[in-house]
Engineer: 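If you scroll down you'll find the structure; I have some questions about it.
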Amino acid sequence: MNVCVSVFCSRSAGSAEMKEVLPKPRFHLDLWLCFTIQNWILDVGRPVLMLVVLADWCPVNRPGPAEVLHVLYIISTPLVLLKMLERSPRTLPPLAVRLGIIAVVTGTSLHLVADSITGRLLLIGYQLHLSVRENPIMKTLEPSSLVDAFELLFYFDDTLGHLMWYLITEGQTFILFIFTFFTMTATVMHQRRRGMVPDSNGVFMLYSFSAALFLVAVWVACLWSDGVLRKKHPGLIYVPQPRAVFTLHLQST
């Protein structure tokens, strides 16, 4: 699930003057459907497609169907985000909009390159539930300094790329997500005291964040006692990567 924070607010029922000035807000079903379909097909569908399409069908040194979906995601996400910002009753500074779009495009582009190489590494036995240096194929790599290059690759993917992409189901960016969620909740509570209430779009966004937080909590609870993943994801924030769970528990089946 990829996230853009924009809370739509309107005056509560007690202000007739504001009702005359502002048009009646409507639920932007087309945008939310675009976000949902785009994420499920172009983002969640990528790893599923990698499992369905056999490696022998595509040359390893050329982009495959998963990379095509990734490129379509990079192109479509900024367009939907820009359309969402156009319909917002409150406009953001142009510089903030440009920086936000650049960050999303750059983050997804970094993820495209790193994830493509990771997919090829999986074909030769790379295990995502292990750190780079603990992987058996890295221990036999010559010269050994090449391991540093792969660590840099995974840093661009798992840390920098995901942070710029706002991907919440990763431990590296969970702090950003939870901070955004509490900031949005506090803003809604503060505006409510001033007679402002979220419209249907704002309520949908708040409920979506709440549902995401609940699902992440369930995910962590199910994997709480997994010693291997604990070693892979040390520290206070423990949110195991889905693909690490796949190579640890599901790849053999």
Side-chain angles (χ1 to χ4, degrees), residues 1-8 25-53 58 63-92 96-119 156-158 160-170 172-174 176-177 180-181 184 198-216 219 239 241-243 245-246:
M1 176 179 192
N2 296 282
V3 179
C4 175
V5 181
S6 178
V7 179
F8 299 86
R26 64 184 180 90
F27 185 69
H28 301 298
L29 180 61
D30 56 337
L31 289 181
W32 299 121
L33 281 179
C34 286
F35 268 125
T36 303
I37 295 174
Q38 175 213 29
N39 275 273
W40 278 99
I41 295 179
L42 302 182
D43 187 19
V44 180
R46 281 188 302 104
V48 176
L49 189 62
M50 292 177 64
L51 297 177
V52 174
V53 178
C58 304
E67 283 75 33
V68 173
L69 293 185
H70 212 319
V71 171
L72 293 176
Y73 182 90
I74 296 174
I75 297 174
S76 60
T77 298
L79 295 177
V80 180
L81 290 176
L82 286 172
K83 180 59 68 174
M84 180 179 179
L85 291 173
E86 287 177 4
R87 297 187 186 180
S88 176
R90 288 188 175 183
T91 58
L92 296 174
V97 174
R98 295 190 184 107
L99 289 178
I101 296 299
I102 291 172
V104 172
V105 173
T106 305
T108 50
S109 300
L110 290 173
H111 188 266
L112 166 62
V113 176
D115 205 48
S116 300
I117 297 176
T118 302
F156 278 118
D157 180 15
D158 292 339
L160 187 59
H162 287 175
L163 186 63
M164 300 176 70
W165 188 15
Y166 304 121
L167 192 63
I168 69 168
T169 54
E170 308 286 353
Q172 304 92 336
T173 55
F174 182 74
L176 176 63
F177 165 73
T180 303
F181 174 73
M184 182 170 61
D199 69 358
S200 56
N201 296 279
V203 172
F204 180 80
M205 177 70 76
L206 194 61
Y207 285 170
S208 298
F209 269 63
S210 302
L213 183 61
F214 172 76
L215 292 176
V216 171
W219 173 262
V239 183
Q241 294 175 320
R243 60 183 188 176
V245 176
F246 167 76

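Values in this document were obtained by computation on a predicted structure and should not be read as measured data. Heavy-atom basis, side chains included; hydrogens, waters and symmetry copies ignored.
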Engineer: Any non-hydrogen side-chain atom of S109 less than 4.5 Å from a side-chain atom of V113?
Structural biologist: no
Engineer: Would you please name every residue forming a ring pair (Phe, Tyr, Trp, His ring centres under 6.0 Å) with F204, sequence neighbours left out?
Structural biologist: F27, W32
Engineer: List the atom of I74, the atom of V105, and the distance in Å for their closest heavy-atom pair.
Structural biologist: CG2-CG1, 4.2 Å
Engineer: Rounded to the nearest 0.5 Å, how far apart are CG of L99 and OG1 of T106?
Structural biologist: 10.0 Å
Engineer: Are side-chain heavy atoms of S76 and L42 found at a separation under 4.5 Å?
Structural biologist: yes
Engineer: So how far is it from N39 CG to T77 OG1, rounded to the nearest 0.5 Å?
Structural biologist: 6.5 Å
Engineer: Is the shortest heavy-atom distance from the side chain of F209 to the side chain of T180 under 4.5 Å?
Structural biologist: yes
Engineer: On a heavy-atom basis, which atom in N201 and which in H28 lie closest, and how many Å separate them?
Structural biologist: OD1-N, 3.0 Å
Engineer: Please tell me if the side chains of L213 and F177 come closer than 4.5 Å, counting only heavy atoms from C-beta onward.
Structural biologist: yes
Engineer: Inspect the contact between D199 and R26 and indicate whether a charged nitrogen and a carboxylate oxygen are less than 4.0 angstrom apart.
Structural biologist: no
Engineer: On a heavy-atom basis, which atom in Y73 and which in P78 lie closest, and how many Å separate them?
Structural biologist: O-CD, 4.4 Å
Engineer: With a 4.5 Å limit on heavy-atom distance, are the side chains of R87 and D30 in contact?
Structural biologist: yes
Engineer: Supply the atom-to-atom distance L79 CG to I101 CD1, rounded to the nearest 0.5 angstrom.
Structural biologist: 8.5 Å
Engineer: Is there a side-chain contact between M205 and M184 (heavy atoms, below 4.5 Å)?
Structural biologist: yes
Engineer: Here's a test for you: under side-chain contact (heavy atoms from CB on, under 4.5 Å), which of L81, L85, T91 qualifies with V97?
Structural biologist: L85
Engineer: Is any side-chain heavy atom of D43 closer than 4.5 Å to a side-chain heavy atom of Q38?
Structural biologist: no
Engineer: Run the side-chain contact (heavy atoms from CB on, under 4.5 Å) test on H70 and R46 for me, step by step, so that the C-alpha distance in whole Å, both residues' side-chain angles and the decisive distance to 0.1 Å come before the verdict.
Structural biologist: CA-CA 7 Å; H70 212 319; R46 281 188 302 104; 3.5 Å; yes
